[in-house]
Structures are given as structure tokens and as C-alpha cells.
Visitor: 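I have a structure here, written as C-alpha cells, and I will follow up with some questions on it.
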Protein chains: 2
Amino acid sequence: MARGSETRSKIMDIAQEAVLAKGFDSTSIEEIVASAEITKSGFFYHFKDKNALAYALIERHIGVEDALFDDLFGRARDLSDDPLQAMLIGLKLLAELIEDMPGGHPGCIVATAAYQDRLFNNDVREINARAVLGWRARFRPMFDDIAAKYPPREAVDLDQLADMVSTVIEGGLVMGRALANPAATSQQIMLFRSYIKLLFQPQD
Amino acid sequence: MARGSETRSKIMDIAQEAVLAKGFDSTSIEEIVASAEITKSGFFYHFKDKNALAYALIERHIGVEDALFDDLFGRARDLSDDPLQAMLIGLKLLAELIEDMPGGHPGCIVATAAYQDRLFNNDVREINARAVLGWRARFRPMFDDIAAKYPPREAVDLDQLADMVSTVIEGGLVMGRALANPAATSQQIMLFRSYIKLLFQPQD
DNA sequence: GCAAAAACTGTACTGCCGGTATTGTAAAGC
DNA sequence: GCTTTACAATACCGGCAGTACAGTTTTTGC
């Protein structure tokens with residue numbers, strides 16, 4: 001029992017590091033098994049193919065990220081009872097968190113999956129979509145609360161606004177990679193925060 | 001002269017279609033040469049490796065896109081002398097343009113290149129970075145003009161704001177793919193437009 | 001009109017990689 | 001003590017990027 005899941009997570013750890021550094025397709029199974037000091041048979045015992053590995057990586061990542069976001073926006077909510085202030089604090093904390101992340105954000109895995117669509121099968125695409133919809137489900141109620149208290153100055157669809165969190169992060173990661181500027185993502189999050197402020201905060 | 005460049009662009013046309021549909025790595029050279037009715041030797045006569053093909057595709061795409069943006073924001077500028085209004089009109093036109101694009105936006109090529117970083121060599125990464133900086137150079141002066149006339153309500157870095165155009169588009173494309181919703185990108189552009197409006201437009 | 005360069009064809013091969021197949025085996029659980 | 005789990009070992013297939021090299025046609029420059 002213990003032995004099996006240990007090997008499995010060892011494979012996943014090694015794979016995740018390589019995938020974040022080089023991308024999914026340029027990470028070979030043979031390289032992973034060599035690094036994990038197992039044989040190919042061992043790998044295929046745990047994962048029926050490379051898709052299954054991608055699926056497992058994304059699934060695990062979603063869990064970690066959910067816990068992280070629960071903590072982060074929970075703390076923000078502790079710091080202010082006001083839903084708008086809590087959101088602004090949460091976005092600031094998020095920007096700081098991402099900036100401090102060495103070697104980039106694991107969200108790359110999800111984005112990579114989105115772009116290499118045909119490379120993956122339906123299962124991987126579905127769990128990827130579920131992850132994005134999970135973010136929407138997380139942020140939408142927060143924006144509902146904010147909008148209930150502070151009428152937005154512009155008519156906006158709150159689902160689309162919730163999706164903008166993902167958009168800015170994923171887009172920011174792409175920009176960060178393209179420009180070799182790791183700070184890009186957090187800068188873009190701060191701009192989004194500025195938008196939220198202008199959209200909901202009453203003028204003095 | 002004519003024959004050579006004809007074959008070359010035929011290869012690129014076929015490759016581009018396949019890359020947009022399936023991604024770069026799952027488009028094989030053998031498949032391209034079969035479709036172009038040439039031999040493998042013919043392909044490698046024009047492109048020394050797959051990197052060179054990617055480079056050529058991105059380079060050509062940048063040219064097309066530049067012309068397209070010149071036209072689009074030129075028309076917007078014709079419709080209004082005010083820099084803010086011109087920007088808002090331009091973003092609206094951009095959102096409509098992207099929405100009407102069947103089969104997604106060619107910008108995918110650039111984003112794919114950013115994400116499959118290690119898959120490509122330095123040349124490809126550099127031209128990709130140049131493309132992103134080109135967008136910044138395009139939008140930054142526009143925001144300078146706007147900010148000179150309408151002082152922004154929030155302190156923002158105008159380079160970062162210019163980069164947000166790219167961010168929202170690239171992020172929107174990722175979201176669109178993940179959710180299988182082609183409208184996502186244009187919706188996100190319209191949210192960015194709403195931000196620009198709130199940031200610069202004087203309150204009544 | 002002819003030589004040289006450009007634009008290929010044809011064939012054969014290497015090496016990496018994902019995935020399959022099969023046989024065997026040490027350890028854990030019941 | 002028998003079965004299941006968790007692998008190891010070896011060998012192989014097919015797809016694909018890229019190379020090598022020799023030969024052939026088409027275009028161009030003089």
C-alpha cells in the first residue's frame with residue numbers, strides 16, 4: 001500500500017518539476033523513469049499512458065491550489081468584513097504570492113494543457129475545463145457580494161469578471177515567459193485589482 | 001525565384017493551418033510534405049529544421065497582424081479625434097474582429113511558442129519576445145496621449161497597461177480553449193475596455 | 001545557348017520516444 | 001500458502017525529426 005503510492009508520487013514529483021521547466025511534451029517518460037530509478041514497466045504500472053500522468057498532475061495541482069486559495073482569501077476575509085476590501089486584500093496577497101514563487105507558477109500545467117489540446121485526450125481536457133470553472137465558482141459569489149453592496153459603475157457580466165482572474169493570471173504567465181520577466185504576472189494581477197477598485201469603490 | 005518562394009509559402013500555408021488546428025508539436029513534417037506534395041528533402045531545403053519553420057510562421061504572422069492593427073486602430077482614429085474615444089472604438093473593433101474569426105486567432109502560434117519554450121531554440125524565443133514588445137510599443141504611445149489629456153484616476157505604469165492588451169488576449173485565448181468558448185477572448189477584451197473607460201474617462 | 005546555381009526527387013538510414021508484450025519475482029495481505 | 005500488488009528485465013513496434021548523399025530538373029545570368 002505505502003510502497004505503491006510512494007513510487008507514484010515520486011514519479012509525479014519528478015515529472016512536475018520537469019514539466020514546469022521544459023513543458024509537457026519535451027519531458028520524456030524515459031527521462032522520468034531514469035530519474036526516479038525505476039523501469040518503464042514501473043511507470044506504466046502506475047499510469048496507463050502519458051495522458052494519465054497529465055491528468056494526475058493537473059488533478060493534484062488543482063487540490064493544492066484550492067487549499068492555497070482557501071487560505072489566502074480566508075485570511076483576506078479575516079482582515080476585513082467588507083467584501084470589496086477583502087477582495088482587494090486577497091488580490092494583493094495573490095500578487096505577492098505569485099511574485100515570490102521561484103521558477104514560476106504551477107498553473108503553467110493547466111495552461112499548457114489548454115494549448116496542447118489535441119495532444120491530450122478528452123479526460124485531460126475535461127479536468128482542465130473543470131479547473132477553470134472551479135475558479136469561476138470561487139470568485140463569482142465574491143463578486144455577487146461586492147455588487148450587492150456596491151453597485152458597479154459599468155454593466156458587467158459577473159461570470160466574465162470572475163473569469164478575468166484566470167485570464168489575467170494565465171495571460172500574465174504567457175507574458176512572463178515571453179518576456180522572461182517573472183514579475184509580469186503579479187503586475188497584471190495588480191492592474192486587475194485596480195479595475196475592481198474603480199468598478200466598485202464609491203467615489204469620494 | 002518564383003518557384004522557390006511559391007513552394008516555401010505553400011509549405012507555410014499548410015503548416016499554419018495544421019498548427020492552428022492541432023498545435024505545433026502534433027503537426028509532423030511528414031504530414032506537411034505529404035499534403036504539399038513534395039518530399040522530405042524538399043522541406044529541408046527550405047527550412048533547416050522545425051525551428052526554422054516556427055520562426056518563419058511567427059515572423060509572417062507578426063507582419064499580417066501589424067498590418068491588421070494598423071488598419072483597425074487607424075480606422076478608430078478616423079472615427080474620433082479624441083485619443084480615449086479612438087482607443088475605446090479600436091478595442092471594440094478588435095473584440096468584434098476576434099469574435100468573427102473562425103477557428104480561433106492566429107495569435108495562438110505566438111502563445112504556443114511562449115509556452116513550449118524549451119521546445120524551441122533561442123531564435124524563436126527572441127522573435128516571440130520581439131512580437132510582444134512590438135505590441136507594447138504600439139499601445140504605449142496611445143496610452144501616453146490618453147493620459148496626457150485625461151489624468152488616470154489610479155496610478156498605473158503605462159507599459160504594464162499596454163502589456164495588458166496582450167495579456168488579456170493571450171489569457172482569453174487560453175480560456176477560450178479550456179472552456180471551448182470562442183467568445184471568451186472578445187468578452188475579456190471588452191472587460192479591459194471597461195477598465196480603460198473607468199481609468200481615464202472623466203466622471204459626469 | 002550554355003554553365004552554374006537553385007530547387008528539388010529518391011532512398012536509405014540513425015536515434016529518440018511512446019507504447020506494447022511477455023515473463024518473472026519479491027513483498028504484503030488475507 | 002495462495003493471491004494480489006508492485007514492480008524488474010528484455011525485447012520489440014511504429015512514428016517522427018533529422019541526416020546523408022547521389023541524382024535530376026528548372027531557372028537564371030551571361
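Letters A, B, ... mirror the listed sequences (proteins, then strands); counts begin at 1.
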Visitor: What do you reckon, are the aromatic ring centroids of A/Phe139 and A/Phe73 less than 6.0 Å apart?
Guide: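 A/Phe139 vs A/Phe73: aromatic centres under 6.0 Å.
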Visitor: Whether B/Lys50 engages the ring of B/Phe24 as a cation-pi pair (distance to the six-membered ring centre under 6.0 angstrom, angle to the ring normal within 45°) should be assessed.
Guide: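 B/Lys50 over B/Phe24 ring: yes.
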Visitor: Which donor-acceptor pairs under 3.5 Å do the side chains of residues 77-84 of chain A make with protein atoms, sequence neighbours left out?
Guide:
unit_1, atom_1, unit_2, atom_2, d
A/Arg77, NH2, A/Asp81, O, 2.5
A/Ser80, OG, A/Asp82, N, 3.2
A/Asp82, OD1, A/Lys149, NZ, 2.6
A/Asp82, OD1, A/Tyr150, OH, 2.5
A/Asp82, OD2, A/Leu84, N, 3.1
A/Asp82, OD2, A/Gln85, N, 3.0
A/Asp82, OD2, A/Tyr150, OH, 3.3

Visitor: Report yes if at least one side-chain N or O of A/His46 is closer than 4.0 Å to OP1 or OP2 of D/dA6; otherwise report no.
Guide: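 No.
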Visitor: Got a sec, which residues hit side chain to side chain contact (heavy atoms under 4.5 Å, CB included) with B/Ala137, two or more places apart in sequence or on another chain?
Guide: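 Listed in chain order: nothing, the list is empty.
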Visitor: Which whole-number value in Å describes the distance from A/Ile11 CD1 to D/dA6 P?
Guide: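 One finds 12 Å between P of D/dA6 and CD1 of A/Ile11, rounded.
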Visitor: Go through the structure and list residues passing side chain to side chain contact (heavy atoms under 4.5 Å, CB included) with B/Arg138, not counting sequence neighbours.
Guide: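 Only B/Asp66, B/Phe69, B/Asp70, B/Met142 meet the side chain to side chain contact (heavy atoms under 4.5 Å, CB included) criterion with B/Arg138.
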Visitor: Separation of A/Glu37 atom CD from D/dC7 atom C1', in whole Å?
Guide: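 The distance from CD of A/Glu37 to C1' of D/dC7 comes to 15 Å, rounded to the nearest Å.
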Visitor: Given D/dC7, D/dT19, C/dG18, which nucleotide is nearest the side-chain atoms of A/Glu30?
Guide: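 The listed nucleotide nearest to A/Glu30's side chain is C/dG18.
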Visitor: Please give, in whole Å, the distance from C/dT20 C1' to A/Lys50 NZ?
Guide: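 Nearest whole value for this atom pair: 17 Å.
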Visitor: Taking salt bridge (Lys or Arg N to Asp or Glu O under 4.0 Å) as the definition, give me every residue that meets it alongside A/Glu31, ordered by chain and number, with sequence neighbours left out.
Guide: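 A/Glu31 satisfies salt bridge (Lys or Arg N to Asp or Glu O under 4.0 Å) with A/Lys22 once adjacent residues are dropped.
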Visitor: Please report, rounded to the nearest Å, how far the P atom of C/dC17 is from the CG atom of A/Leu53.
Guide: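 One finds 15 Å between P of C/dC17 and CG of A/Leu53, rounded.
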Visitor: For the pair made of CG in A/Asp25 and P in C/dG18, what is the distance, rounded to whole Å?
Guide: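 Spelled out: CG on A/Asp25 to P on C/dG18 is 10 Å.
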Visitor: Quick one: which protein N/O atoms are closer than 3.5 Å to N/O atoms of nucleotides 11-14 of chain C? Pair and distance per line, please.
Guide:
none

Visitor: Find the distance A/Ile32:CD1 to C/dC16:P and express it as a whole number of Å.
Guide: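 Taking CD1 of A/Ile32 and P of C/dC16, I get 17 Å after rounding.
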Visitor: What's the closest nucleotide to the A/Ser28 side chain, out of D/dG18, C/dT9, C/dC17?
Guide: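 Output: C/dC17.
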Visitor: Rounded to whole Å, please give me the gap between CZ in B/Phe44 and P in D/dC21.
Guide: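 One finds 16 Å between P of D/dC21 and CZ of B/Phe44, rounded.
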Visitor: Starting at atom CG of A/Asn121, determine the distance to atom P of C/dG19, rounded to an integer number of angstrom.
Guide: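 Atom CG in A/Asn121 sits about 10 Å away from atom P in C/dG19.
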Visitor: Where the side chain of A/Asp49 is defined as all heavy atoms beyond and including C-beta, which of D/dG18, D/dA17, C/dG19 is the nearest nucleotide?
Guide: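 Ranking D/dG18, D/dA17, C/dG19 by closest atom to the A/Asp49 side chain puts C/dG19 first.
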Visitor: Which nucleotide in the set D/dT5, C/dA6, D/dA17 lies at the smallest distance from any side-chain heavy atom of B/Tyr45?
Guide: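 Of the options given, the side chain of B/Tyr45 lies nearest C/dA6.
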Visitor: Applying ring-ring contact (aromatic ring centres under 6.0 Å, His included) as the test, list every pair that has at least one member in residues 174-197 of chain A; sequence neighbours left out.
Guide: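 Sorted result for residues 174-197 of chain A: A/Tyr195-B/Tyr195.
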